Every structure is written in C-alpha cells, then in structure tokens.
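Keep in mind that this is a model prediction, so the values were computed, not measured.
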Amino acid sequence: MARKSDVPSPYYGEPSKFDPTFRGPISNRSCTDVFCCVIFIIVILGYIALGTVAWLHGDPRKVIYPTDSYGQFCGQKGTPNAKKSILFYFNILKCANPAVLINLQCPTTQMCVSKCPDRFATYTDMQLQYQITAAPWEYYRLFCKPGFNNPTKPVAQVLRDEDCPSMIVPSRPFLQRCFPDFITLNGTLTVAKRTHFKDALDKARSVTELRDAANGITGLVDAKEVGMKIVEDYAASWNWILIGLVIALVVSLIFILLLRFTAGLLLWFTIIAVILVIAYGIWHCYLEFSLLRQQPGADVTIVDIGFQTDVTVYLHLSQTWLIFLIALCTIEASILIILIFLRRRVWIAIALLREGSNVTHRFLASSGDAIYKVMAAEPNCMYANKTCDPETFNKTNVSKTCPGAQCTFAFYGGETPYHRYLFILQLSNLLIFLWLVNFIIALGQCTLAGAFASYYWARRKPQDIPTCPLFSSFSRAIRYHTGSLAFGALILALVQMARVILEYLDSKLKGASNVAARFLLCCLKCCFWCLERFIKFMNRNAYIMIAIYGKCFCTSARDAFCLLMRNVVRVAVLDRVTDFLLFLGKVLIAGSVGVIAFFFFTHKIPIVQEDVPTLHYYWVPLLTVIFGSYLIAHGFFSVYAMCVDTLFLCFCEDLERNDGSPEKPFLMSAELHSILRKTEHH
C-alpha cells in the first residue's frame, strides 16, 4: 500500500515530498498573470476615460426630470418650466400601456403643467361655454401649448395641429406624470364617479378605454399608495429599526467571541435551538390551522382573494397556515436527516470552526443630445419617424406632404461615434463594473486566505505566525497576484454578464407565444446559474492556493480542483456541513432579533407598549430588521466561512504531505486529528 506521502501531487505532477522548511504561504514569489494585470490596468484607465466622456456628454437632469415634446425639462429651476413639474399627455388614449408612458414613447404631444386636470371637459364644450364666459377657456388653456390663445379656432384644426388636447379627464400625478384618477366603486372602475364620457368629436368613450390605454394603471396607483404608507412606516419607526440592527450587531459579535471559547457547545446549542424553534412553529401552525378549519369562510384559497396589501387578511385563511406547516415540517425533517446521517461530519465541521475561531481570534444612461422625430397624424406619411430639427421644421415641406405632422422630442442620443456606440459602451460599463466588484471580492478572499493559512502551517503557534498576517497577506496579493485575481474575476464577470443578458431577453419574451424559445431560454438561465455557482466555488479555492503557493490562476485552479477531487467525499459532505452550521447561526441571530421585533411592533411587550409607533403595516419594519440582521450576521460569518474553506484545503494538503510520524507530523490541531482518525476508522 502506498503511503500518504506517495500520493501524486497536483503541484508538480510527482509524489508529494515532506518539506521541513515549509512554513505556509511562500514569501519568495514572482508576479503571476502579468498580461492579465496589464489588461486590467488598461481597462481601469479606460473606465475612467469612459466615465469622463459620460460626464461631459451626460446630463443628470435627463433622468431626474420628465421631458416635454420640445425637449425641455419639467420642474427644473431657472427655466420657464420651474413651476411646471408634471408632464401632461394631450391624448392619453394613444398610449398603449404605462411602460410606454414612463419611457416617453407615447405618440402624442406632451407638455409640462403645474397641476393635473381635475374635471371632465372637451374642447367643443369649452367653445360653447366661452360664448357665455371666459372662465372655461382660462382653465382649459392651462393644458394647451404655450402661447396659444385662440379659443375660436375650429376643432378640426386644433386637433390637427395639436394646439390643445381634445379632452381632459380628472387625473392625478404619478411618477411626475398625469394619469387618469381611477377609482373602483362597488367593483366598477370609474373616473370621478363616471364610467362614460364624450370626446371633442362628441364620440362616446368609456373609462375602460382609458384603462386599456394605460394598462395596469390601477395596479401602479395601488402600488403608489402602498409605497407612501411604507415610507410613512419607515419614517415613524426608523429609530427602532436602527436599535434592532444594533442589537443584531452586538449579538453577532458576542456569538463570534463565544465561538472562540465554546465553539462546540455554542454550535450544538444553535442546532438544538433552531430545531426547537421550528418545532414550536410547527405546533403553532397546526393549532391555527385546526382552529381556522372549523370557522366558516376560512377555507377560501389565497388565489381567490388575490393580492392584498393588508397581510393580516392571509392569516385568517386556513390554507396560509397549512402552507406554513408543510414548509416548516420539510425544513425540520431536512435538518434532522442531516444531523442523523452526517453526525460524525458535523463533529469534524465543529472542529474546523473551532480551529477557525482560534485563527480569527489571533488576527451611463443619461448621455446624449435631444433627438426630434416627425410624428405624423396619418399612418402613410413618408416622413414618419424621421429625424427633424424643430427650428427649421416649419420651413420644410413635411407639413404640406403630411398635414398635422409635428417635429417632437423622441429621446436622447446623437449621430457622433460616441452616440452610435452608446449601447455597446453601456454594456462595457456593466461588464467592467462586474469585473471590478468581483476583483474586490477576490482580493478580500485571497487576503483572508493568506492570513489563515499562515496560522495553520505555523509549526509553533504563535511564535511562527507573522506579526501582521493580514497586512502581509494583503501586500502579497496586491504586489504579486493582481493579474491572477483579475483573471478569475473576469471569468466570473463574463458569466454574470451572460446571465444579465438572458434575464433581459426573458423580460422581453414574457407573454410571447413561442413556447420553445421560452423553454430554451429557461434552460440557458438554469445552466448559467449552475456555471456561475461552480466558477465561484473554484475561484474561491483557487485564490486560497494562490495565497499559499503564489502560482498563476490556472495552475492554482487546477491544483485546487485536483486536491478537492481526491477528497471529494469530504468536499461534498464536510465542507457543506460547515456552511450549514454557519447558516443555522445566521438564522438563529436573525430569527431571535426578529422575534423580539415582532413582539415589539405588535404591542405585545407591556413595558414599552406606549413607545411603539402607530404603523400601517407592522411587517415593514419587522422584515427590515430581520433582513438587516441576517446581512449583519452574514458579514461576520463570511470571514468564518473563508477561514473554514482555507483550513479545509490546508487540512487536505496536510494529510497528503504528512503521515503523523515524528518526522512528518500533522500540523492540524490535536482535536481535529483525533476526530478525523475516529471518523476514518468508522
């Protein structure tokens, strides 16, 4: 039988040999992946140049303010529209849906106004009333083109030239645009309590036409109302949310400190506590389900009641508690199965976490110019959708060829090379952004890995540990391995870019009838998601090998992969079990703080009952506290996760380098070695 020291090495293609001088991360290094480092630096400089060009060509006002048909900003200070911050559409019936409106692609004249119409009126009715009094005209002209003051102009010519809207309907501002003021009365959609009205040509119109023209507008209005209430809830409870997050921060810190001294006890306590909490949830859900099942009206399904902003409505349905019950039972069963069949691996994982505790303890959308296009009243106009100049438009023969045609603002762009390739530049901007983010993450992982590895491979602890292991590891990573880290980050960024493109295509194909295309796209999304997860896993381990041995990215990735494959059982079980234990710790911290927040915001803590703010939705601050607590705990535990991954690779390498003899002693802790030996015997 071959000894462990004779196992083929992934580093030089020959058997691993005991190196008595090996002290962990190699200090005598050379720069790796220099070509990728140079490319990375050039890209960063190009990114700075691109940002400069975008700054020179861009104008944030184009994003902040709506733009009328003349390319002027609504509500911008120092302009004639300073007090006109809302965009008004002359004929909203020409707009297909809210997305068209928001993207300013509605084929009708758009004008900045100070307020939205609050009544039904038509241009024809205004002319009839103008013969008696000028008041109707004074109000109607607020929504006509600036400077137009001819209320006796024939209706046909007014509509042709779009001097004034053919009709106005009661509206209210939403996203700085006037939308019909839809109200549902007794299940019937109305506008100002009316279901029908007439346009300027005395044609009968229904409110459903407005609804169809602004498809989904009622949902947007409801979303706005809910959004306003959520903002009010945040304004009333922000200080208590902050206190909850501070508590989560303190609890996470205490948890980390306790892991240093009582890692095993604390982790087993975490496991048992999570099991008991879920068991209590199962009992509570079963109790609520049993009680509601006997009440009349509680058997209504969630689909029947649809979306409700008041979440307490769902809590009165037996189906809701049945779903909770099934979900909690599934989670509880999964945890118990993992603990029963992988109990010995849990012991090793706890030992790794305890070892990690010792280590931790010791150490361009707004760019472009205004583009105007011909908006024709007739569908067969040869100049329709052609670019035009509003200053010289009246001197051309377009108006004669296409009566009623206008030169209106379309979008921001240009004809220069910069504007022609603006879309490509925006994609490049996204790719570089993803590259930089992944590089920063890679730098942090490599830095932590180098520091943790210096602890593991120290034969005499703490004498052989560097004085400033974290700073030393960071310096090595920046000085020698910028190219390797950039290489790995680029591979991941390309995959993430592909996922972004697939998500974009999926959003465009929603509602399409081509089932095969949707199925293919779904398969591609799934494949790229799996690929991203795999690359993240490989990059993480490659960075660890880079931090230890100082080799290039490809070699380090190959070495890490070979080492992991020779320990595939431990990788599939042990490494995942440690992630599982850390996840339980995050859930325990977030859940504990969440339970306290729940009792507080539902007025169930008598001591502070009078201090609880009055809220529209108590779940707004509750979910914020729970989610924020989980992120805080994740921030603390992510360092532990990197430590565990580093120690795991060192642990596997230690087994291949050494055999535990006096000449080749293991560098792992005695406890970890003892648990491993017992596990292998089983």
* Asked: Asn539 and Gln445: side-chain donor and acceptor closer than 3.5 Å?
  -> no
* Between Thr624 and Tyr234, which heavy-atom pair has the shortest distance, and what is it? -> OG1-OH, 2.7 Å
* Asked: What is the ring orientation for Tyr630 with Phe583, classed by angle as parallel under 30°, tilted 30 to 60°, or perpendicular over 60°?
  -> perpendicular
* Asked: Angle class for the Tyr618/Phe598 ring planes (parallel below 30°, perpendicular above 60°, tilted otherwise)?
  -> perpendicular
* Which one of Ile247, Ile254, Leu249, Leu253 satisfies the side chain to side chain contact (heavy atoms under 4.5 Å, CB included) criterion with Val251? -> Ile247
* Would you please classify the geometry between the Trp321 ring and the His284 ring as parallel, tilted or perpendicular, with 30° and 60° separating the classes? => perpendicular
* Structure fact -> Nearest heavy-atom contact between Ser237 and Phe601 is CB-CE2, 4.1 Å
* For side chain to side chain contact (heavy atoms under 4.5 Å, CB included), just list the numbers for Ile626 and Val593, CA-CA rounded to whole Å, side-chain angles, deciding distance to a tenth of an Å, and then say yes or no. => CA-CA 7 Å; Ile626 293 175; Val593 178; over 6 Å; no
* Over all heavy atoms of both residues, which pair between Ala236 and Asn239 is shortest? Give the atoms and the distance, please. => O-OD1, 3.9 Å
* Shortest non-hydrogen contact from Lys115 toward Ile86 -> CA-CD1, 4.1 Å
* Chi angles and distances behind the side chain to side chain contact (heavy atoms under 4.5 Å, CB included) call for Leu622, Phe600 -> CA-CA 9 Å; Leu622 176 61; Phe600 175 80; over 6 Å; no
* Structure fact -> Here the pair of heavy atoms bringing Leu245 nearest to Ile632 is O-CD1, 3.5 Å
* Go through Glu532 and Phe528 one step at a time and tell me if the side chain to side chain contact (heavy atoms under 4.5 Å, CB included) criterion holds. => CA-CA 6 Å; Glu532 181 184 1; Phe528 273 90; over 6 Å; no
* Just do the side chain to side chain contact (heavy atoms under 4.5 Å, CB included) check on Leu502 and Leu521 with the steps written out, would you? => CA-CA 7 Å; Leu502 289 175; Leu521 190 60; 3.5 Å; yes
* Given the side-chain rings of Phe637 and Phe255, with only the six-membered ring counted for Trp, is the space between their centroids under 6.0 Å? -> yes
